[in-house]
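Written below as structure tokens is the structure these notes are about.
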Amino acid sequence: LGYNSLFSNTTANNNTGVGTHALFANTTGTNNVAMGCGALTANTTASNNTAVGLRTLLANTTGAYNTALGAETLDANSTGERNTGLGTGALTDNTTGCYNVGVGYGSLANNTTANDNVAVGYFSLEANTTGTQNVAVGSCTLCTNTTGDLNVAIGCLALLANTTADENTAIGSVAMCTNTTGGCNTGIGTAAMCKNTTGNNNTALGHSSLNDNTTGTDNVAIGKESLRANTTAGGNTAVGKFAAVTNTTGAALVAIGANA
């Protein structure tokens with residue numbers, strides 16, 4: 001239904017094309033649904049794709065089991081398989097990446113060849129190109145990540161500035177939001193490690209724990225505002241509410257108990 005929809009179809013079955021040039025090049029691909037101008041236009045032999053919206057899955061040729069809902073979602077995808085893009089511009093640059101999920105405007109927009117990423121929220125993982133196995137849930141979570149792998153960010157702006165760092169876990173609003181290349185960190189709680197940039201191997205559990213840490217490494221802070229003022233010191237352990245709260249550059253300290 002629509003000008004040149006399913007124009008090239010030869011022997012394929014169970015396809016639905018609605019809109020100008022929808023499924024235009026399809027020859028033998030089956031079980032596809034294309035609704036919208038340019039939807040699945042270049043598809044030839046791929047099957048089991050669903051494209052709803054302007055130019056969705058426009059360049060797809062042989063990629064199968066993809067779902068695209070929203071204008072220009074997955075529009076550059078060619079051979080990538082089993083991707084899900086929901087929201088305008090989601091996974092728009094994806095070409096051969098597989099098993100990705102982008103839900104929200106611009107989520108995983110720049111992803112090209114990376115696999116196994118999950119992005120839920122406005123601009124989540126937006127700049128990701130080849131980083132794999134990342135999970136981002138919340139507006140702008142991991143939105144500047146490009147090649148970093150194995151990161152988890154849950155909460156608005158969590159790991160916002162992360163670019164190439166790997167194996168970070170940030171749970172809570174603005175948790176680790178300025179981290180760029182620091183790896184193997186865990187920040188759980190609102191503003192946990194929110195100023196960390198390149199510090200590695202830190203663990204912060206509690207509201208504003210290790211809040212001011214920038215480059216300090218190998219610190220453990222458990223409890224609200226524990227080690228809050230720590231900036232560059234390493235090897236500290238603080239357990240308890242406000243434990244070692246005023247420490248800035250002292251290293252290898254142990255503080256256990258509230259206000260210790």
Apart from L157 itself, what residues make up its hydrophobic cluster, given side-chain heavy atom links below 4.5 Å?
->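 Besides L157, the cluster holds L160, V174.
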
Suppose clustering is done on Ile, Leu, Val, Met, Phe, Trp and Tyr with side-chain heavy atoms closer than 4.5 Å. Which residues sit in the same group as L210?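 Once heavy-atom contacts under 4.5 Å are chained together, L210 belongs with L6, L23, L40, L57, L74, L91, L108, L125, L142, L159, M176, M193, L227.
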
Report the residues that fulfil side chain to side chain donor-acceptor pair (under 3.5 Å) with [X], sequence neighbours left out, ordered by chain and then residue number.
X    : answer
T30  : S47
N201 : none
N32  : N15, N49
N4   : none

Check: [Y] and [X] side chains under 4.5 Å, non-hydrogen atoms:
X    : Y    : result
N145 : N134 : yes
T130 : T112 : yes
T146 : T164 : yes

#### Entry: Pairs touching residues 33-45 that satisfy side chain to side chain donor-acceptor pair (under 3.5 Å), sequence neighbours left out
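Every side chain to side chain donor-acceptor pair (under 3.5 Å) pair that includes a residue of residues 33-45, provided the two are not neighbours, is N26-N43, N43-N60.
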
Taking only distance into account, with no hydrogens and no angle test, what donor-acceptor pairs under 3.5 Å do side-chain atoms of residues 239-260 form with protein atoms, sequence neighbours excluded?
from: N247; atom 1: OD1; to: G250; atom 2: N; distance (Å): 3.4
from: N247; atom 1: ND2; to: N230; atom 2: OD1; distance (Å): 3.0
from: N247; atom 1: ND2; to: G250; atom 2: O; distance (Å): 3.0

Under the ring-ring contact (aromatic ring centres under 6.0 Å, His included) rule, collect the residues that match up with Y105, sequence neighbours excluded.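 ring-ring contact (aromatic ring centres under 6.0 Å, His included) check on Y105 returns Y122, F123.
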
Q) With E81, which residues qualify under salt bridge (charged side-chain N to carboxylate O under 4.0 Å, His left out), at least two apart? A)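 Salt bridge (charged side-chain N to carboxylate O under 4.0 Å, His left out) list for E81, sorted by chain: empty.
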
Apply salt bridge (charged side-chain N to carboxylate O under 4.0 Å, His left out) to D212 and list each qualifying residue two or more places apart in sequence or on a separate chain.
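Here the qualifying residues are K195.
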
Next item on the list: Would you mind listing every ring pair (Phe, Tyr, Trp, His ring centres under 6.0 Å) that reaches into residues 49-69, with sequence neighbours excluded?
Entry: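 Qualifying pairs, neighbours excluded: none.
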
For this session: Tell me, with the steps shown, if T217 and N200 meet side-chain hydrogen bond (donor to acceptor under 3.5 Å, both in side chains).
Result: CA-CA 5 Å; T217 63; N200 302 314; over 6 Å; no

